[in-house]
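Accompanying notes for the structure given below.
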2 protein chains.
Amino acid sequence: MAVHKKEEFTQREQDLAEFAKAIAHPARIAILKVLAQKNECICGEIVQILPLAQSTVSQHLKELKNAGLVTGTVDGPRSCYCINWKAFEKFNQEFSWLFNNLKIKNEKSCC
Amino acid sequence: MAVHKKEEFTQREQDLAEFAKAIAHPARIAILKVLAQKNECICGEIVQILPLAQSTVSQHLKELKNAGLVTGTVDGPRSCYCINWKAFEKFNQEFSWLFNNLKIKNEKSCC
DNA sequence: TTATTTAATCGTATATTTGCGATATAAGAT
DNA sequence: ATCTTATATCGCAAATATACGATTAAATAA
């Protein structure tokens, strides 16, 4: 991949792709589920639940944070992660937009 | 990554992640849009529209096909690609399920 | 039959992702 | 002040993804 071609697409396509990439790993989906299930902010618990090393979980959390899907604040010696519902809702809408946008144009498949 | 850890998660998480990966590139989102816009099955047209080489587009199409989002049939010397609406609808529902599932549990963010 | 057109595949280079152990950091406990 | 605990980050290895040119394959046109 000599050059990056991603910039040649629309911002909307890039944003949507980036969000999709954020949840394109079962570990990150599992992390989101754990974060949603617990009412309090956990972190080390995720490491207990997932079959991954602490450093790996930390890395996945960082990616979710970079994608804006998760917020993180320092709480004493531990970290507090939460789902960013606002961003999540926005991306949910973007997805719906894509799905509907595609579907409206052509409901029937020709092959 | 000495070992694959993806199998250690639920099938549902894996399937969803795989679908997300399929649309985790702006080129593939753009391809889906083109396929939806045209009423007929094109292929070479995608190459004209996208800023990518023919072999690269072919590769992206293959990935979409592997993910089940697109069907492809041979039509003489050319290929005919179409969106698989059924599979698309299924994944749309899976996404909604995830979003709602997460949201119901905890609407408020604690940080 | 030979040439042309269209698309898939191969080979290759490079970039990114995934994963882990080891180390660093920072707060709380002793 | 030192030890413990929790987490982030670094460095590395291996796997995957991205992109392209060249080649192959297969059907139509000449």
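Lettering of chains follows the sequences in order, A, B, ..., and the numbering in each one begins at 1. FYI, side chains are in, hydrogens and waters are out, and symmetry mates aren't considered; it's all heavy atoms of this structure.
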Exercise for the section: Return no unless some side-chain N or O of A/Y81 is found under 4.0 Å from OP1 or OP2 of D/dA6. Expected result: no
Handout entry: Donor-acceptor pair, side chain of B/S58 and main chain of B/Q54, under 3.5 angstrom
Key = no
Completion exercise
From NZ of B/K5 across to C1' of D/dA14 the rounded distance in Å is 14 Å
Practice task
Mind calculating the distance between NE2 (B/H60) and P (C/dA7) to the nearest angstrom?
Solution key: 17 Å
Practice task
Could you state the atom-to-atom distance from CD1 of B/I42 to P of C/dT6 in whole Å?
Solution key: 14 Å
Problem - Shortest side-chain distance from A/K21, nucleotide among C/dT16, D/dT7, C/dT9 - result: C/dT16
Practice task
Could you tell me whether the side chain of B/Q14 and the main chain of A/P26 form a donor-acceptor pair under 3.5 Å?
Solution key: no
Handout entry: Rounded distance (Å) that lies between atom P of D/dT18 and atom CD1 of B/I29
Key = 12 Å
Exercise for the section: Measure from the side-chain heavy atoms of A/L52 and tell me the nearest of C/dC20, C/dT6, D/dC20. Expected result: C/dC20
Problem - Residue B/H25, side-chain atoms from C-beta onward, closest of D/dT18, C/dT18, C/dA7 - result: D/dT18
Exercise for the section: Scan B/S58 against the nucleic acid and name what it touches under 4.0 Å (heavy atoms): base, sugar-phosphate only, or nothing. Expected result: base
Practice task
Could you tell me whether A/Q54 contacts a base, only the sugar-phosphate backbone, or nothing, with contacts defined as non-hydrogen atoms closer than 4.0 Å?
Solution key: base
Handout entry: Any B/S79 side-chain nitrogen or oxygen under 4.0 Å from OP1 or OP2 of C/dA8
Key = yes
Practice task
Using a 4.0 Å heavy-atom cut-off across all strands, classify B/K65 as base, sugar-phosphate, or nothing.
Solution key: nothing
Exercise for the section: Report which part of the nucleic acid B/Q59 touches: base, sugar-phosphate, or nothing (heavy-atom distance under 4.0 Å, all strands). Expected result: base
Handout entry: Over all atoms of both residues, closest heavy-atom pair of A/G68 and A/A87
Key = O-CB, 3.3 Å
Handout entry: Sugar-phosphate only, base, or nothing, as touched by B/L61 at under 4.0 Å among non-hydrogen atoms
Key = nothing
Practice task
Just call it for A/T56: base, sugar-phosphate, or nothing, with non-hydrogen atoms closer than 4.0 Å on any strand.
Solution key: base
Exercise for the section: Answer yes if B/I42 and B/V74 sit in the same cluster of Ile, Leu, Val, Met, Phe, Trp and Tyr residues linked by side chain heavy atoms under 4.5 Å apart, and no otherwise. Expected result: no
